[in-house]
Every structure is written in structure tokens, then in C-alpha cells.
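Just so it is clear: chains get the letters A, B, ... in the order the sequence lines come, proteins before strands, and each one is counted from 1. The model shown is predicted, which means the values in this text are computed figures rather than measured ones.
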Amino acid sequence: MDECVIRASNLAKWFGEGEARTMAVRDANFEVRYGEMLYIVGPSGSGKTTLLSMVSGILKPNGGQVTIEGRDLWAMHDDELADLRLRKIGFVFQDYHLFPRLTTLENVAIPLILKKVEWNEALRRSMEYLEIVGLKDRASLQPVKLSGGEQQRVAIARAIVGQPDILIFDEPTASLDGDTGRKIVEFVKTRILNEKRCIIIVTHDSRIYEYADTILRMEDGKITGVEKNNLHEK
Amino acid sequence: MSGIFKIALRLLVNDKSKFTALLVGITFAVFLMVMMLSMFTGILAKSCAPVYNIGARIWVMDPAVNNTISSIPMPDYVLSTARSIEGVNYAVPLYYGGAQVKLKDGTFQNVTVIGLDDSTLFGRPELVDGKIEDIFAENAFLVVKDAEYAKLEYPKVGTEFEINDNRGVIVGLAKVASSGLFGVPTLYTTFNRAITYIPSSRFTTSYVLIEPKNPSDIPRIQREIAKIGYEALTSEQFVKKISDFYTFKTGMGMNIMLMTAISFIVGLSISGQTFYTFILENLDKFGAMKAIGAKGRELISMILFQAFFTSLVGYGLGVGIASTFMTIAKLRLPEYAAQMTFGILGFALLMVLVIAGVSSYIGVRKVLQIQPFDIFRG
């Protein structure tokens, strides 16, 4: 856990102008290393999601810099940025955002399709990842026929099918009951995280804090504390 | 097909209710547009039937004439003048008028009588029964065996009838390229018999038909005819004049245009609204795709593919249903006036592409506006 993948320096983001300006994130500095599972935690409105969006190339900061493997993220053109997200970053959204009219297998294949992988090959590879998340037998079903936990695992399969270095989870347990949430995060920690990958999770679910390697605490747009979790350190 | 289009296709067709609504809207619009325009084209074709059937290159007429039925008789000097113009190969008179035939049960049936030049029989129809030279026999008439033939109680060669209190005899059954617009049977006879049997004004020549020696002679012939106050039109110009009359001076064209516009608006409304709903329903997923790494142009191509795929399938269905409807209608109603042309198909395709373009434009705007950050914010 020594190679730095993401480095955020003096990140700032505000919305609105003049008197209506609201500071969402101010002076945020942190690093994420390969093999690390980093949590961004804090109350609603503390700027967690904004910070996550800036480091994942989705929301342009008003100040500061984000580098991924040394490359300045926000110096890239839109297409370059989209390419980087496609090849380097996997997203698991809070509401999963699976296409209800596609099968589970087709949903998982989307990043490969976007990478121009041939259709049958994309489906073949996606099936392997559905097997990893234990849903091979659900491949032909539409997501609406799956439970919340299963949909979460489909979203994880979709996030990892392109073998990204960075995984971004937005409130992964928000739509799940406590037990399922813990199982999902445990699964991610033991099966998905490895020495060539880092995971950033935004959450305010304290029941899953035990799986974090590092916890960034945020309040009012500022990082107020950084905790290292020795219990699960590799 | 590339993977992204396969995804787009599955998203579209797996949403069966919306896909069906889109298809129904477009199919219905295409069906109505094609039907309206085909009927109008059929009506125009029938209104120009005598021009096609007689087949003259140049028609000389009074400038006030705007369709074949409303011919205004011309004095004999028009024919003489036409024959004297340099570049005229030959010129013949044509009688075109109406008469009443008394049927066996005593009722009267209106007929159109065409009187052909006695010496040349220029413009004679093709016979399916009888011999053309019999038209010179006493009281001889040819009857056109078309959709209106039954109205004369299926006369055969040798059938006698009464026309304007004169005796007539059918000496041949003819077929023509197109039957007339007004559902009236057509009889052919010689020019002289026609003007003898049918009461007319001082002048008797309805049209003078001219065959030029060369196409290059046509402008000169038209100029010379214009000098005596008449109008010489090529068959194409005459067809256009008749078409313009029905299109712009009878209200028929305006009504058909309105119906076509309404069909277009109905199709656009249904498909536009449904497609917009379809895009809205999937908007967050498109946003998620953007976050994952889809480029704007890839999402645009997906939406355009969906819109144009639906439109072309709807177009095919609409044209197919319209063709089937017309075929069945023509089998049941021989006088049914509808004619599908490549021009109509092209126009309907253009309108469908406009529907697809407008529908997808709304969707594309929405998808381009959604930001991946909105997905994170929920």
C-alpha cells in the first residue's frame, strides 16, 4: 500500500455566485494508495459526494488539483476525461442505475460495449464477473426481478468488468438492510479489493466503518479528520 | 451492428408499451399521409384520363379551359391555322362532350362522347372486341369497358341503344389506360357523327390535336396559336393545368393538404411525446453511462438510432397497410381513385424523418443536459 493513485490538493468547490455562493468543499487534501479502502464519511450536506465527484472526474473543482497516477485530471479534455473514467474508474451508484429493460448480463457488459469490445466477447467476459459476484444464474433476468442486494452486486460486477484501478462507491449500503449492507462491503473488501486497486466509499453508515483502511471525516465542506483503521490493515 | 446500437435497440424494443405506442403513432401518420396523397394523386390521374388516353402531343384549346370536361368549342379556322403552321406534321379535330343514353328500363345514363377525326381516327382506343373500321358503319359507337361499363348494362357488340333520341349501335369494346373521374361511361365515335347526334353551339371543335414534326417546333406552334387567341399546350402542360385547377381552384387540394398536415402533426405529437417519455424514463441511466465513460456523441447516436429505427419500421408498416388497403379497395371498388407513387413514398419518408428528427432532438437535448454529478446527487 505504498503507491499513490489519487492525490487531491487544495480542492475547492462552490455553487452559485455572489451572495448566493455556497462553499461545498474547501481546502481538501488527501491521497489514496493501491490496495487501500478509503471512506469519506460525514453528515448529509458535508460535501462528501462533491469531493467524490471531483476526484472521479465528474465535477470540475473551482480550485485545487486532482492527479491520477500523476496526470492532472482537470487539465484533460472532456473526451480524454470520459476515456479515463471508462478505463481507470468503476462506479457503483447509490441507486445502482441499472437499465431495467436490459438483462443483468447486458447491464454488466455496458462498460465493455463502451470500450468497443465485440458483443459476444463482452457478454462472455461479463458472465465471468457475474460469476464472481455470485449471480451467474441471474444473467438473463431483468434487474427489477432481483433483490436490492443482488442489484448492488450487479452494479459491482458492472463496475469491475472493465478491470478499473479505482472503484467509487456512493452510499453502497443506503438502500440495503444492515445485514445485506455489511455482507456487500465485506465481499468488496475480500474479493474485489486487491493490491492493484483502490476503493473510495462515500457513506454515513457507521456499521461498515470497520472495513475501512482510512476514514476521512468531513464537516461543512472541510476534512476534519483522517483515521487509519489498524484492525484491517493489510 | 455495433454493441452500442444493440444496447439502444434492446432498450427500445424491450420497452414494449412505449415501442408499440411509437410504432402506432408513426404507422398511423404514414398511413394517413400516404392514403390522402394517393387518393389525391388518383383523383388527379383520373381527371387527366382523356389526355393520357388520347395521347396527343399538343392540345389546342380556348385559354379558359381548365379541365377536359369544360371544353369550349372553337371555330373551324383554328384547325386550319394549326394545319398551316410550319412544323406541324398533322392536326386533327376532337369532339369532347356529354350525352344521355336511354337504358332498356327507360332510365337515362349520362355518357361522355369522344368524337375522333373521321379520316385518321387519331386517339382511338385499343379494342378488346370488334373491329375499328366498323366505327364508320351507320350509328356506330365504341364503348369503353372500364369500371363504368356496367352503368350501360354491359352492352356487347351489336347492342342497340338510344342516344339523344338517335339510334346507336355498339360495334366494339375498348380499353383505355385510365377511366374518368366522374363515374360516367365513355363512348367513342367519329367526329362528324358526334356533332350530328349531340346538340352543340355554332362551333363544334372541342380540341385540336397537333403532332409536331420535331419537339423543337413546339414553341413556334404555341406562339402561332397564341396569335389567334388560343392556347396550345403539350400534354404535360395540359396535365399540369388540370392538376393545378383541381389542386388550387376547387378546394380539393387545400383539404388534402390540411389532412396530410394533420396526419403529420398527429404522428409527430404521439411519437414525440412517447419518445420524450421514453428518454425521461431512462435519463438517469444515460447520466450513469456518461459517468461510466460514455461520450456525448455515443449517447446521441444511440438516441438517433432509436428514433430512426422506430420511424423506419413505422414507415414500412404504414406504407404496407396503405398498400394493402388500396389493393383491397380496388378489388372491391373498381372506380376507387388512389395511386401510390414514388413521389408520395418519398414525401412520406421525408415527413417520417422529420418526425424522427424532432422527436430525437428533444431527447438529445435532455440527455446532453444531464450531468453525471446529477446522478451522484440523486
Side-chain angles (χ1 to χ4, degrees), chain A residues 13 15 48-54 56-60 78-103 106-107 109-123 142-143 155 158-159 161-162 164 168 170-171 174 202, chain B residues 1-23 274-275 277-303 305-306 309-310 363 366-378:
Chain A
K13 181 70 190 177
F15 297 104
K48 308 185 294 288
T49 300
T50 305
L51 182 60
L52 184 75
S53 303
M54 288 190 289
S56 57
I58 278 175
L59 183 67
K60 190 168 187 174
D78 286 352
D79 279 2
E80 269 185 293
L81 207 51
D83 266 337
L84 180 127
R85 289 201 302 268
L86 184 60
R87 286 166 210 292
K88 283 268 176 200
I89 306 174
F91 291 91
V92 179
F93 306 103
Q94 183 176 336
D95 298 326
Y96 320 133
H97 293 299
L98 302 171
F99 279 106
R101 309 291 175 188
L102 299 180
T103 64
E106 288 162 351
N107 265 292
I110 283 176
L112 297 178
I113 299 294
L114 291 174
K115 283 181 173 180
K116 312 273 187 283
V117 175
E118 191 269 327
W119 180 260
N120 289 329
E121 173 62 13
L123 293 186
Q142 290 184 331
R158 182 179 65 181
V161 72
I168 303 282
D170 186 26
E171 301 283 6
V202 160
Chain B
M1 193 193 294
S2 84
I4 198 128
F5 292 138
K6 280 189 179 169
I7 292 285
L9 186 64
R10 279 165 169 72
L11 285 175
L12 180 70
V13 299
N14 288 350
D15 194 346
K16 290 186 179 62
S17 59
K18 288 203 182 55
F19 185 54
T20 306
L22 278 168
L23 279 186
T274 311
F275 199 68
T277 314
F278 172 77
I279 294 293
L280 276 190
E281 204 169 81
N282 288 298
L283 197 57
D284 57 332
K285 281 79 183 177
F286 283 116
M289 282 184 78
K290 263 189 177 179
I292 289 170
K295 296 178 185 73
R297 60 176 173 276
E298 287 171 329
L299 298 179
I300 291 172
S301 67
M302 282 177 78
I303 291 168
F305 176 80
Q306 289 169 332
F309 176 81
T310 314
K366 268 285 176 201
V367 167
L368 288 182
Q369 280 167 359
I370 182 92
Q371 295 300 320
F373 181 57
D374 299 331
I375 303 304
F376 274 119
R377 280 197 300 198

Please classify the contact between [X] and chain B as side chain, backbone, both or neither, with a heavy-atom cut-off of under 4.5 Å.
{"X": "Thr103(A)", "result": "neither"}
{"X": "Arg87(A)", "result": "neither"}
{"X": "Leu52(A)", "result": "side chain"}
{"X": "Phe93(A)", "result": "side chain"}

### Residue selection (most heavy-atom pairs with chain A, distance under 4.5 Å) from Asp284(B), Leu12(B), Asn282(B), Ile292(B)
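Most pairs with chain A among the choices: Ile292(B).
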
### Message
Run the salt bridge (charged side-chain N to carboxylate O under 4.0 Å, His left out) test against Arg101(A) and tell me which residues pass, sequence neighbours left out.
### Response
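Counting only residues at least two positions away or on another chain, Arg101(A) forms a salt bridge (charged side-chain N to carboxylate O under 4.0 Å, His left out) with Asp15(B), Glu281(B).
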
### Task
List for me each residue that meets salt bridge (charged side-chain N to carboxylate O under 4.0 Å, His left out) alongside Lys116(A), sequence neighbours excluded, and say none if there are none.
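Partners of Lys116(A) by the salt bridge (charged side-chain N to carboxylate O under 4.0 Å, His left out) criterion, ordered by chain and then number, come out as Glu298(B).
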
### Closest heavy-atom pair and its distance - Arg85(A), Ala291(B)
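Closest approach of Arg85(A) to Ala291(B), heavy atoms only: NE-O, 2.8 Å.
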
Nearest-0.5 Å distance, [atom1] of residue [X] to [atom2] of residue [Y]:
{"X": "Trp119(A)", "Y": "Ile7(B)", "atom1": "CH2", "atom2": "CD1", "value": "4.0 Å"}
{"X": "Lys60(A)", "Y": "Phe373(B)", "atom1": "NZ", "atom2": "CZ", "value": "15.5 Å"}
{"X": "Asn14(B)", "Y": "Glu106(A)", "atom1": "CG", "atom2": "CD", "value": "7.0 Å"}
{"X": "Leu102(A)", "Y": "Arg10(B)", "atom1": "CG", "atom2": "CZ", "value": "8.5 Å"}

### Message
Assess the residue pair Ile113(A) and Lys6(B) against the criterion (side chain to side chain contact (heavy atoms under 4.5 Å, CB included)); give the C-alpha distance rounded to whole Å, side-chain angles, the decisive distance to 0.1 Å, and a yes or no.
### Response
CA-CA 9 Å; Ile113(A) 299 294; Lys6(B) 280 189 179 169; over 6 Å; no

### Message
side chain to side chain contact (heavy atoms under 4.5 Å, CB included) for Arg297(B) and Asp79(A)? Distances and angles first, verdict last.
### Response
CA-CA 10 Å; Arg297(B) 60 176 173 276; Asp79(A) 279 2; 2.8 Å; yes

### Under-4.0 Å salt bridge between Asp83(A) and Lys295(B)
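Yes, Asp83(A) and Lys295(B) are salt-bridged.
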
### Task
Let me know if Lys290(B) has heavy atoms under 4.5 Å from chain A in its side chain, its backbone, both or neither.
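Backbone of Lys290(B) only, per the 4.5 Å heavy-atom cut-off to chain A.
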
### Message
Counting heavy-atom pairs under 4.5 Å with chain B, which one of Leu114(A), Leu112(A), Ile168(A), Leu84(A) comes out on top?
### Response
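Between Leu114(A), Leu112(A), Ile168(A), Leu84(A), the count favours Leu114(A).
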
